[in-house]
Amino acid sequence: MDLQDKYPSLGALKTRAKKRLPHFAWEYLDSATGKEQQMARNRAALDQVLFETRVLGGPQTANLTTKLMDQTFDLPFGIAPVGMSGLIWPNSEQILAKSAVTHNIPFCLSTVATQTPEELAPHIGQNGWFQLYPPKDLNIRADLLKRARQAGFHTLVLTVDVPVASRRERQRQAKLTIPTQMDARLILDCMLHPHWSLGTLAQGTPSLKTVEKYAPPQIGAASTAHAGYIIRGAPDWDYLKSLRDEWQGPLVVKGVTTAVDAEKLAATGVDCIWVSNHSGRQFDGGPASIETLPEIRAALPAGFPVIFDSGVEGGLDILRALALGADFVMLGRAFHYGTAALGQLGADHVVHMLKEDIISNLGQMAITRPCEAEKSLRSQPKYR
């Protein structure tokens, strides 16, 4: 099968993924919260970022290698953490970790993944990052950090934009629970999607394996509600300071949307700011992430690393984020559309599509490196 012709775009993978997934799994992957206006704003705002094309640039060879926090990656993008990846497609975490190593890009494992750091350890190479939801219990936090470190995850990503649970109305209507509470409707849904169902049977029922050990014995496999109780702390600046003291390695703070917070974070000793609005999954009343990126970049010291996500759907969007101040871009949904559509082939195909798209657009702008995209901006978008 020629993937380049049959699935030439992320949209084509998305269409196939929807057909292969039970409704509740699709709703988990594709939905946001509220009226999903912030998710729409992410897309609309990215589309406002335009470039100038240049002619007669002569032969050029693109160089996509990118340095971030003293590590050099082959591409300017990586795989963002997505909770319950194994619900979206069986064995997704391992599939994505292997793809990250193959293409030398970062892979970030979620605290609420369906595979543990220990299970992923043989597959992450030097590319493993661990995303931490901040536990209330500092003993649990210490154990999570120890497990991640011993498994070979060298970069810690603290997510700070989930102080409370969001409603995610589409997920509620789909009756999504972890572990899944099967009724006649869900059983029929699974039967109508045999590839997902057979893979899930082989892999085992998706559960929040990393936090299971912290659940009381009477609960058994950690439920979504109990996992939320364990990991959904309300961190403050003192919590961050103690975490910085405890984690001996690169520390990234994810979920930053204001210049005020970014400036203060940089002064606390974190190594990188991750600009993100959780792709519209937490709050429906905020601006697009790309809208806040330039002011955050301006508030930080020169050379301070900035990662971007939210709404990215192709190589051109990656260049848009880099042009407005990001040093690196992470994608979550895109890679899961790929795994849901084509399994391991899908993860690698997403990398290939993004890489080709970046190279093509660089050629139109007559530049050779993604970090030069700012020079080709037609004008700074006016969002306000």
Side-chain angles (χ1 to χ4, degrees), residues 9-11 38-69 72-78 80 105 256-263 266 272-277 279-280 286-331 334 353-384:
S9 67
L10 187 62
Q38 191 179 55
M39 183 164 65
R41 281 192 291 274
N42 282 336
R43 180 66 263 154
L46 280 162
D47 287 336
Q48 289 186 45
V49 183
L50 303 178
F51 296 99
E52 291 182 338
T53 58
R54 305 301 298 270
V55 300
L56 301 177
Q60 300 192 39
T61 301
N63 180 358
L64 305 190
T65 58
T66 303
K67 189 172 182 179
L68 181 71
M69 294 183 289
T72 299
F73 297 104
D74 288 356
L75 300 163
F77 60 85
I105 59 176
V256 183
T257 59
T258 68
V260 172
D261 283 341
E263 190 172 17
C272 181
I273 301 295
W274 188 327
V275 178
S276 171
N277 61 27
S279 292
S289 284
I290 197 71
E291 178 180 343
T292 67
L293 178 59
E295 58 198 56
I296 290 173
R297 173 72 275 171
L300 294 170
F304 192 93
V306 175
I307 296 171
F308 176 85
D309 80 26
S310 299
V312 177
E313 296 181 336
L316 181 57
D317 287 342
I318 292 170
L319 293 175
R320 285 166 163 153
L322 298 178
L324 292 191
D327 298 289
F328 207 81
V329 175
M330 299 289 276
L331 301 92
M353 283 194 303
L354 294 173
K355 180 179 178 180
E356 274 203 339
D357 197 22
I358 290 172
I359 292 172
S360 174
N361 286 297
L362 289 177
Q364 293 296 322
M365 293 184 270
I367 56 178
T368 60
R369 295 185 60 82
C371 61
E372 298 173 337
E374 182 183 8
K375 297 188 299 187
S376 297
L377 276 173
R378 181 167 178 80
S379 62
Q380 180 75 22
K382 303 296 183 184
Y383 293 113
R384 296 182 182 177

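For the residue pair Leu300 and Ala266, the shortest heavy atom distance occurs at CD2-CB, 3.7 Å. Heavy-atom minimum distance, Ala326 versus Leu293: N-CD2, 3.9 Å. Residues Ile359 and Ala62 share a closest heavy-atom pair of CG1-CB, 4.0 Å. Across Met69 and Cys272, no two heavy atoms sit closer than the pair SD-CB, 3.6 Å. Between Asp317 and Arg320, the shortest heavy-atom distance links the atoms OD1-NH1, 2.9 Å.
Applying the ring-ring contact (aromatic ring centres under 6.0 Å, His included) test to every pair with at least one member in residues 312-331, sequence neighbours left out, gives these pairs: Phe73-Phe328.
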Requested in this report: Before giving the answer on side-chain contact (heavy atoms from CB on, under 4.5 Å), spell out for Ile318 and Asp357 the whole-Å C-alpha distance, their side-chain angles and the decisive distance to 0.1 Å.
Outcome: CA-CA 10 Å; Ile318 292 170; Asp357 197 22; over 6 Å; no

**Report entry** side-chain contact (heavy atoms from CB on, under 4.5 Å) assessment of Leu362 paired with Leu64
**Finding:** CA-CA 10 Å; Leu362 289 177; Leu64 305 190; 3.7 Å; yes

**Report entry** Stepwise side-chain contact (heavy atoms from CB on, under 4.5 Å) test for Ile358 and Phe77
**Finding:** CA-CA 11 Å; Ile358 290 172; Phe77 60 85; 4.0 Å; yes

Give every donor-acceptor pair under 3.5 Å between a side-chain atom in residues 306-313 and any protein atom, sequence neighbours left out.
{"residue": "Asp309", "atom": "OD1", "partner": "Ser276", "partner atom": "OG", "Å": "2.6"}
{"residue": "Asp309", "atom": "OD2", "partner": "Trp274", "partner atom": "NE1", "Å": "2.9"}
{"residue": "Asp309", "atom": "OD2", "partner": "Ser276", "partner atom": "OG", "Å": "3.2"}
{"residue": "Ser310", "atom": "OG", "partner": "Asn277", "partner atom": "N", "Å": "3.1"}
{"residue": "Ser310", "atom": "OG", "partner": "Asn277", "partner atom": "OD1", "Å": "3.1"}
{"residue": "Ser310", "atom": "OG", "partner": "Ser279", "partner atom": "N", "Å": "3.3"}
{"residue": "Ser310", "atom": "OG", "partner": "Ser289", "partner atom": "OG", "Å": "3.3"}
{"residue": "Glu313", "atom": "OE1", "partner": "Arg43", "partner atom": "NH1", "Å": "3.1"}

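Side-chain contact between Leu324 and Leu377 is present, with at least one heavy-atom pair separated by less than 4.5 Å. Leu322 places none of its side-chain heavy atoms less than 4.5 Å from the side chain of Cys371.
In this structure, CD on Gln364 lies 12.0 Å from CG on Leu319, to the nearest 0.5 angstrom. Atom CG of Asp74 and atom CG of Asn63 lie 10.0 Å apart (nearest 0.5 Å). The distance from the CD atom of Glu291 to the CD atom of Gln48 is 8.5 Å, given to the nearest 0.5 Å. Between the CG atom in Leu316 and the CG atom in Asn361 there is a gap of 4.5 Å [rounded to 0.5 Å].
Ion pairing of Asp327 with Lys67 is absent here, as no side-chain N (NZ or NE/NH1/NH2) approaches a carboxylate O to less than 4.0 Å.
The number of heavy-atom neighbours closer than 6.0 Å to CD of Glu374, taken from other residues, nucleotides and ligands shown, is 12 or below. Other residues, nucleotides and ligands contribute over 12 non-hydrogen atoms within 6.0 Å of the CD atom of Glu372. Few gaps surround CZ on Arg369; more than 12 heavy atoms of other groups in view lie less than 6.0 Å from it.
Looking only at distances, no side-chain donor or acceptor of Arg378 sits under 3.5 Å from a matching main-chain atom of Leu50. Between the Arg54 side chain and the Ala366 main chain, no donor and acceptor come within less than 3.5 Å of each other.
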